[in-house]
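Step one of this worksheet: look at the structure below.
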Amino acid sequence: MSVNVSQEVLYDFKTIEQKWQDKWLSQATYKVSTDSDKEKYYVLEMFPYPSGRIHMGHVRNYSIGDVVARYKRFRGFNVLHPMGWDSFGLPAENAAIKNNTHPARWTYDNIDYMRHQLRQLGLSYDWEREVATCNPKYYKWEQQIFLEMYEKGLVYQKATTVNWCESCHTVLANEQVIEGTCWRCDELVEARNMTGWFFKITDYAEELLDDLDKLGGWPDKVVTMQRNWIGKSTGLQCDFPVADSDEKLSIFTTRPDTIFGVTFMSIAPEHPLLKSLLKDNPREQEIRDFTARIISEKQQQSNVDLTEKEGIATGHYCINPFNGDKIPIFVANFVLMSYGTGAVMAVPAHDQRDFEFAKKYNLAIKPVVIPDGADLSKTDMEEASVLPGILSDSGAFTGTESETAKQQIIDFARSQNIGDAHITYRLRDWGISRQRYWGAPIPMIQCETCGVQPVPVDQLPVTLPEDRESQKSDCAPLHQRSAFYETSCPKCGGKAKRETDTMDTFVESSWYFARYASPRFTDSPLDKEKASHWLPVDQYIGGVEHAILHLLYSRFFTKVLRDLGYLDIDEPFTNLLTQGMVIKDGSKMSKSKGNVVDPNDLITEYGADTTRLFSLFAAPPEKDLEWNAKGVEGCYRFLNRIFRFVQAYSEKIIAGTNVESNNLNSAERELHRKTHQTIKKVTNNIEQNFHFNTAISAVMELFNTLSSLNSDKKKDELGNAVIREAVDSLLVLLCPMVPHFCAELWSTIHAEGAIDDEHWPQWDEEAAKEDELTIVIQVRGKVRSRLQVPADIDDASLEAMALKDENALKFIDGKAIKKIIVVKKKLVNIVV
RNA sequence: GCCCGAAUGGCGGAACUGGUAGACGCAAGGGACUUAAAAUCCCUCGGUCUUAUGGCUGUGCGAGUUCGAUUCUCGCUUCGGGCACCA
């Protein structure tokens, strides 16, 4: 029987993709519920901000997620795979002003368009669970969580120095300041004093740190970044009495072992003690001018550049409680009020900053920790010595090893009631107040008589004010809208004012993954039963740019929701995959560089399947992906070749029965073996590390084997059964990547049953075994010859064969054989 | 400055636990088909020497361990990422 494979037909992806998308939608193929005997699997990709249209980064992220979802379904899991919209945020306001539309209108239009785009990609979401965070039905529950946190003391208001972005007209959290600039618009951030609401994330600092150890399924890199961000330091907090005064200066140090080397004190310009130090101070004006200048410099420069160390003596002294030394107190520009106590004991001999400062102002440098073999006495030091060593000049502690001395000195401070062990974190509380319109209102009320009052839960949601014409742009912040903020006190009924700040949009994304478990639940933020069924997320996928921001906040919220009784897990995301960027011509795609690839164009020209296939094939997910238009064509060619083959061979495939593995000719055995090897390879690639690129190349190899066996002289030896087995397997293996394509071809060769109802193929280890092996023969570690041998050969005969091999003999050249190394099924190395 | 990570053909990338470097794809070159082109199919494809069998060389650089190193150790170089007065 001869079959013609048409050489010219290109498969009609447009019709095929439309057909299957319609089917999946109308039949709600990917809808899930908890009533299933199957084990649950929750795969989630970071939901997008509805900026207008999807970009290649989304395509990549969601293609990866969809492969995981479809693969796990084939493996028999009950897969939750939802999608939604992180739909509050600044761009909506800017766009609304620009286009004279309303942020809500702009946002919902974008959502409609982008949902359409995601459907065009054939992503297998349960669309019935879709959420949009700007919907009052979503943020109502966020407000309720806020209130419950407030009741637990996890929310508080304070006036403090905040990060202000002038271009965004709002405050930013510490995590949102990237190298001194705004995470969203790159504008330089300035310092301002403002009142705002804070989440007490620092209450969870220790647990957030400890539980990092539970995140074995996260990239080490992300765990390390979080660990550094939390920045735990242990040391001594200790009081230094101010000379001729009742006041004390409290310091924190991680080097209590150097406490005998303190030669001065540095305090932050904002330090509260400064006020009393200035009283009756002859140099009051000079000091005031200095601190004012430093504070304003700090505000302008933010934390971009390291400025030179600068300070001024206050004329006051304090007493080192350990040795009675009288030491001068300086105001210094490098001391941060927001870390530790805002005051530092300065040990210039053992701290580089203090060293530079001491050099500049000619202050004493007193070495007290002498590293092994070093001589720090008297000689001019070039830099601070930070190594451990033996204490000298340290009273009763002289001669002690510095690590031991740390604890002894802490113990001593405690016994004298002047200090104790202390832990300090770099992590600060999360400032969530934003002075913008398009965000979730903070449900608090300020009463003239009763003070701050929470909005009663039954009055939620506090919704954003609608405009007279909601089509029109009016993005005035809430503090400019009296109709919004004028209200009455829930306690006394008197005149009161609503909080006019809205919440940081990172609050919405800190719990959306839990809401997906019960997205329409109307009794409380989460249906506990559903949440405990689905959570934690088994596999979370998104960009590494959220390594700290979103992922830290979500971990915090998970712990808070647990403590509020909504969740019974400690960590939200068991496994995390951080995918690389999509780049072109060596750099990130951007409008300014003019190297943007629009997914729409690709879908129109090649279809969703090809687009997905290339974005999975070109690189492993965690690496950056270099976009290559020619590479896309290669993937398209690959799909076309399969399509033509299956069409041409459909009769044979349909006629194929089950493979009888003990009754195969050599061509059949070769294809049968390759099929099972491919199943094994693809399965392992996906299971181990989601390396779809190598999984796809394995399927390409299988197809190459299939088509070459068919084109050459062995053509007539191939029975229908092995062809059918190869094609059936190939289609299921490829289905997670190119679902429409495989569904269509499957339907042409199977009268009944959709590919979605199939099981993942299982490989047969026997069938996958090679019956011949290539053994490498080395002489002195260099490859000299190769042998084809039966797979079951034993080491002794292998060795014998190697010693008889002509090529090997040439290189042995009659020399004495020292040693022969035989590696099973791999090689023989003859050492002469 | 400190802490991570990476470096393999013209390109994207592969290589199990130390055991055939370059799978798969792209590009390039040659051929078949065609009046021609496109499409499709076949062949070649790290460098170098050689008529060829084949030899030598080759995974950023330099050492080391080993019968054997892309893989392990040490020291560099370059690039990328994170943190950056955190006391």
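In the text below, chain A, chain B and the rest are named by the order of the sequence lines, each starting its count at 1.
Spacing between atom CG of A:Leu827 and atom P of B:A69 amounts to 12 Å, rounded to whole angstrom units. In this structure, A:Asn228 atom CG and B:A84 atom P are separated by 10 Å, rounded to whole Å. Atoms CG (A:Asn333) and P (B:A87) sit 18 Å apart, rounded to a whole Å. In this structure, CG of A:Asn684 is placed 16 Å from P of B:A14, rounded to the nearest angstrom. One interatomic measurement links the two molecules: NZ of A:Lys824 to P of B:C16, which rounds to 21 Å at whole-angstrom precision. The distance between atom CD of A:Gln778 and atom P of B:U66, rounded to the nearest whole Å, is 17 Å. The nearest whole Å value for the distance from the CG atom in A:Leu249 to the P atom in B:A87 is 17 Å. As rounded to whole Å, 11 Å separates atom C1' of B:A38 from atom CG of A:Leu10.
No engagement by A:Asp354 is indicated, since no non-hydrogen atom pair under 4.0 Å with the nucleic acid exists. A:Glu701 comes within contact range of the sugar-phosphate backbone alone, with a heavy-atom separation under 4.0 Å but no base atom that close. Residue contacts for A:Val344: at a heavy-atom cut-off of 4.0 Å it reaches a base atom on one of the strands shown. A:Lys782 comes within 4.0 angstrom of the backbone, heavy atoms only, and of no base. In this structure, A:Val347 reaches neither bases nor backbone, as no heavy-atom distance under 4.0 Å exists between it and the strands shown. Counting non-hydrogen atoms under 4.0 angstrom, A:Gly340 reaches nothing in the nucleic acid. At a threshold of 4.0 angstrom between heavy atoms, the contacts of A:Lys826 include nucleobase atoms, whether or not backbone atoms are also involved. Nucleic acid contact class of A:Val783 (heavy atoms, under 4.0 Å, all strands): sugar-phosphate only. Note on A:Arg784: only backbone sugar-phosphate atoms sit closer than 4.0 angstrom, heavy atoms only; bases stay farther off.
Across all strands shown, B:C56 forms a Watson-Crick or G-U wobble pair, both distances under 3.5 Å, with B:G47. Of the nucleotides present, none pairs with B:A27 by Watson-Crick or G-U wobble criteria with both distances under 3.5 Å. Both distances falling under 3.5 Å, in either a Watson-Crick or a G-U wobble arrangement, occur for no nucleotide opposite B:A39. Pairing for B:C79 is with B:G5, a Watson-Crick or G-U wobble pair whose two hydrogen-bonding atom distances lie under 3.5 Å. Across all strands shown, B:G64 is found opposite B:C72 as a Watson-Crick or G-U wobble partner, with both distances under 3.5 Å. Partner assigned to B:U17 is none, using Watson-Crick or G-U wobble distances below 3.5 angstrom.
A salt bridge links A:Asp213 with A:Arg227; the closest basic N to acidic carboxylate O contact falls under 4.0 Å.
Ring centroid separation for the pair A:Phe264 and A:Phe357 comes in under the 6.0 Å cut-off. In this structure, A:Phe703 has its ring center under 6.0 Å from that of A:Phe645. In this structure, A:Phe614 has its ring center no closer than 6.0 Å to that of A:Tyr606.
Spacing of P atoms, B:G25 relative to B:G58, comes out at 29 Å, to the nearest Å. Distance noted for atom P between B:U17 and B:U71: 14 Å (whole Å). The separation of B:A14 from B:C85, taken at their P atoms, amounts to 38 Å, rounded to a whole angstrom. Between the P atoms of B:U50 and B:C11, the separation comes to 26 Å (whole Å). Remark: the separation of the C1' atoms in B:A32 and B:A36 is 15 Å, to the nearest Å. Straight-line distance between the C1' atoms of B:C33 and B:A21: roughly 37 Å, to the nearest whole Å. The C1' atoms of B:U70 and B:G22 are separated by 11 Å, rounded to the nearest whole Å. For the P atoms, the distance from B:A38 to B:A27 is 13 Å, rounded to whole Å.
For A:Val368 against A:His350, the heavy-atom pair with the smallest separation is N-NE2, 3.0 Å.
Position along RNA chain B of the nearest nucleotide to A:Asp624 versus A:Phe811 favours A:Asp624 as the more 5'-ward residue. Nearest-nucleotide assignment on RNA chain B puts the 5′-proximal partner with A:Thr694, out of A:Thr694 and A:Val776.
For the pair A:Asn640 and B:A39, the criterion of a side-chain N or O lying under 4.0 Å from OP1 or OP2 is not met. Residue A:Lys221 places no side-chain N or O under 4.0 Å from the OP1 or OP2 atom of B:G5. Side-chain nitrogen and oxygen atoms of A:Asn829 include none within less than 4.0 Å of the OP1 or OP2 phosphate oxygen of B:G19. Proximity of A:Arg227 to the phosphate of B:C4: no side-chain N or O atom is located under 4.0 Å from OP1 or OP2. The phosphate of B:A84 (OP1 or OP2) has a side-chain N or O of A:Arg426 nearer than 4.0 angstrom.
Side-chain atoms of A:Lys630 and base atoms of B:C11 include no donor and acceptor less than 3.5 Å apart.
In this structure B:G9 sits in the syn conformation; its chi angle is within 90° of 0.
Among the nucleotides B:G19, B:G13, B:C83, the one closest to any side-chain atom of A:Ile821 is B:G19. The listed nucleotides are B:G19, B:A27, B:A14; the one nearest the side chain of A:His691 is B:A14. The side chain of A:Ser697 approaches B:A23 more closely than any other nucleotide in the set B:A23, B:A27, B:U20. Taking every side-chain heavy atom of A:Arg786 into account, B:U20 is the closest of B:C26, B:U20, B:C67.
With rounding to the nearest 0.5 Å, the separation of OG1 in A:Thr341 from CD1 in A:Ile267 is 10.0 Å.
Heavy-atom neighbours of A:Lys248 NZ from other residues, nucleotides or ligands within 6.0 Å: at or below the threshold of 12.
No donor-acceptor pair closer than 3.5 Å links the side chain of A:Arg784 to the backbone N or O of A:Leu809.
No hydrogens or angles considered: nothing links the side chains of A:Arg293 and A:Asn333 as a donor-acceptor pair under 3.5 Å.
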